[in-house]
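Just so you know, these numbers use all the heavy atoms, side chains as well, and skip hydrogens, waters and symmetry mates. Throughout, protein chains are lettered first and strands after them, A, B, ... in sequence-line order, and every chain is numbered starting at 1.
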2 protein chains.
Amino acid sequence: MSGFKHLAFYGVCGGLLIVALQFVRYRFLVLEHSVEVYAVIVAAGFAALGIWLGITITGRPVVVKEVTVEVQVPAPAGPFEPDLAKIESLGITPRELEVLQLIAEGLSNKEMAERLFVSENTVKTHASRVFDKLGAGRRTQAVQLAKSQGIIA
Amino acid sequence: MSGFKHLAFYGVCGGLLIVALQFVRYRFLVLEHSVEVYAVIVAAGFAALGIWLGITITGRPVVVKEVTVEVQVPAPAGPFEPDLAKIESLGITPRELEVLQLIAEGLSNKEMAERLFVSENTVKTHASRVFDKLGAGRRTQAVQLAKSQGIIA
DNA sequence: GGCAGAATCATTCGAAAGGATGACGACGGG
DNA sequence: CCCGTCGTCATCCTTTCGAATGATTCTGCC
């Protein structure tokens, strides 16, 4: 969906939203409720929508409140040195780390099994365990998490 | 101005707003700008709209105390510059690139479908195409290849 | 106004991945 | 000597992926 249809879709959504707001507004006015309260609700709603959009689009939290813009500088380049403390704290074993690295290189379970001279089942076990420890449900997610935490290169 | 006219006015405004947002979105996406930046703009816009609504409706200023948005941008250590030439030469489309990035973030096809407002089938199609263009058979491999070639962060 | 490139969605199938468990031998430290 | 950790392997079952196609709709462009 794009082009005219695209625009029309969003336009209609926007229109409906506004109409709904108007409806709510009238209901509130008729019911003699505080206009201020209504305004706050609407404002809060839009703010929430904005924040939600931020979260949805970026996929990461948008923190509201503090007045600072922090910038994370994760990778200063240089020869990668794994965060042993992090690995330790997560209880990741050497073998699991090995499997994790191979996963990051894009190998399938079968390929890893061949390279490590073990059965595919064993690889899957290691993978499952390391996913668990990383809190990942997918290998791609595990890779993303591991890299962002300095566990693997 | 009231009644239908009233509603129509607001509807049109809403529609135009959304259309504008879409326009901005595509500009940003096509120009490969940071999605985070875009999200912040949208969020700030909606928040501002909410505040404006509050002021307009109540007829009195809404005191906004320290409402700032803190966004954690992952790696501005040399703001990643995608290799447009490489992307071009491989014939990777904007949508495919988008899917590729989400894959790298560890999302499943279903999650991507929800975030992009398309069907899972569509996501799978984009994924297949981009795998083809990258010469990858697995998503993890695609991520590895794309990163090593400066296609994605 | 037609055409190429996109984006969209669908169907079907087989392969890969993942979850849940259970088990067994090796090794090391109480 | 017993227990805990690690590494190994297995089975069963569900979900997800990926390949191969075909079709439709939009958009941009000549």
Side-chain angles (χ1 to χ4, degrees), chain A residues 1-11 87-146, chain B residues 19 22-23 25-27 29-30 32 87-146:
Chain A
M1 176 170 56
S2 65
F4 175 70
K5 258 194 170 177
H6 214 160
L7 294 182
F9 171 72
Y10 282 103
I87 294 174
E88 181 81 13
S89 70
L90 290 178
I92 295 176
T93 71
R95 203 56 160 170
E96 287 165 357
L97 183 59
E98 210 173 345
V99 168
L100 182 57
Q101 290 169 330
L102 293 181
I103 285 176
E105 288 176 21
L107 299 194
S108 68
N109 289 338
K110 187 171 298 183
E111 289 168 337
M112 284 187 273
E114 290 170 3
R115 182 175 304 193
L116 299 176
F117 304 106
V118 296
S119 81
E120 191 180 337
N121 285 317
T122 301
V123 172
K124 289 172 76 171
T125 299
H126 289 317
S128 277
R129 295 229 172 100
V130 85
F131 289 170
D132 225 45
K133 291 168 182 174
L134 283 171
R138 284 171 288 288
R139 47 183 49 224
T140 45
Q141 199 180 4
V143 171
Q144 196 276 325
L145 289 170
Chain B
V19 168
Q22 282 304 109
F23 176 72
R25 175 184 180 189
Y26 275 106
R27 297 287 294 174
L29 285 180
V30 168
E32 302 300 337
I87 294 173
E88 183 79 14
S89 71
L90 290 177
I92 295 177
T93 70
R95 202 55 159 171
E96 287 165 359
L97 182 60
E98 211 173 343
V99 168
L100 181 58
Q101 290 169 330
L102 293 181
I103 286 177
E105 288 176 22
L107 275 67
S108 69
N109 289 337
K110 186 172 296 184
E111 290 169 335
M112 285 188 273
E114 289 171 4
R115 185 175 299 193
L116 299 177
F117 305 107
V118 297
S119 81
E120 191 179 337
N121 287 317
T122 301
V123 172
K124 289 172 74 172
T125 300
H126 288 315
S128 278
R129 294 236 171 94
V130 85
F131 288 169
D132 227 43
K133 291 168 183 176
L134 284 171
R138 285 172 288 286
R139 46 178 55 221
T140 45
Q141 200 180 6
V143 170
Q144 197 275 327
L145 290 170

Novice: Are any of B:Thr93's side-chain N or O atoms less than 4.0 Å away from OP1 or OP2 of C:dG5?
Specialist: no
Novice: Over how many whole Å does the gap from B:Lys133 atom NZ to D:dA19 atom P extend?
Specialist: 14 Å
Novice: Side chain of B:Val118, heavy atoms from C-beta onward: which of C:dT8, D:dT11, D:dT8 has the nearest atom to it?
Specialist: C:dT8
Novice: To the nearest angstrom, how far is A:Leu107 atom CG from C:dA16 atom P?
Specialist: 14 Å
Novice: For C:dG18, take OP1 and OP2 only and decide whether either is under 4.0 Å from a side-chain N or O of A:Arg138.
Specialist: no
Novice: Applying the side-chain contact (heavy atoms from CB on, under 4.5 Å) criterion to A:Leu97, which one of A:Val130, A:Ile92, A:Leu102 satisfies it?
Specialist: A:Ile92
Novice: Would you mind telling me which residue lines up with the more 5' stretch of DNA chain C, A:Thr140 or B:Thr122, judged by nearest nucleotide?
Specialist: B:Thr122
Novice: Given D:dT16, is OP1 or OP2 found less than 4.0 Å from the side-chain N or O atoms of B:Asn109?
Specialist: no
Novice: Separation of A:Glu120 atom CD from C:dA17 atom P, in whole Å?
Specialist: 7 Å
Novice: Can you list the steps and then say if B:Ser128 with B:Thr125 is a side-chain hydrogen bond (donor to acceptor under 3.5 Å, both in side chains)?
Specialist: CA-CA 5 Å; B:Ser128 278; B:Thr125 300; over 6 Å; no
Novice: Atom CZ of A:Phe117 to atom P of D:dC9: distance rounded to whole Å?
Specialist: 12 Å
Novice: Give me the atom names and distance for the closest heavy-atom approach of B:Glu96 to B:Gly91.
Specialist: OE1-O, 3.9 Å
Novice: May I ask you to evaluate whether B:His126 reaches the phosphate of C:dA7, defined as a side-chain N or O under 4.0 Å from OP1 or OP2?
Specialist: no
Novice: Kindly give the heavy-atom pair with the smallest separation between A:Leu134 and A:Ala146, and that separation in Å.
Specialist: CD1-CB, 4.3 Å
Novice: By nearest heavy atom, map B:Thr125 and A:Ala127 onto DNA chain C; which one lands nearer the 5' end?
Specialist: B:Thr125
Novice: Roughly how many Å is it from CZ in A:Arg129 to P in C:dG18, rounded to a whole number?
Specialist: 15 Å
Novice: Less than 4.0 angstrom from a charged side-chain N to a carboxylate O is my criterion; do B:Arg115 and B:Glu98 meet it?
Specialist: no
Novice: Let me know the distance between CD of B:Gln141 and P of D:dC17, rounded to the nearest Å.
Specialist: 16 Å
Novice: Over how many whole Å does the gap from B:Asn121 atom CG to D:dT16 atom P extend?
Specialist: 14 Å
Novice: Starting from P on D:dT5, measure out to CD on A:Glu88 and report it in whole angstrom.
Specialist: 13 Å
Novice: C:dA7, OP1 or OP2 - any side-chain N/O from B:Arg95 closer than 4.0 Å?
Specialist: no
Novice: Which nucleotide in the list C:dC9, C:dG18, D:dC17 gets nearest to the side chain of A:Arg139?
Specialist: C:dG18
Novice: Considering only side-chain heavy atoms of A:Ser128, which listed nucleotide, C:dA17, D:dA19, C:dG19, is closest?
Specialist: C:dG19
Novice: Using only side-chain N and O atoms of B:Lys124, determine if any of them is under 4.0 Å from OP1 or OP2 of D:dA19.
Specialist: no
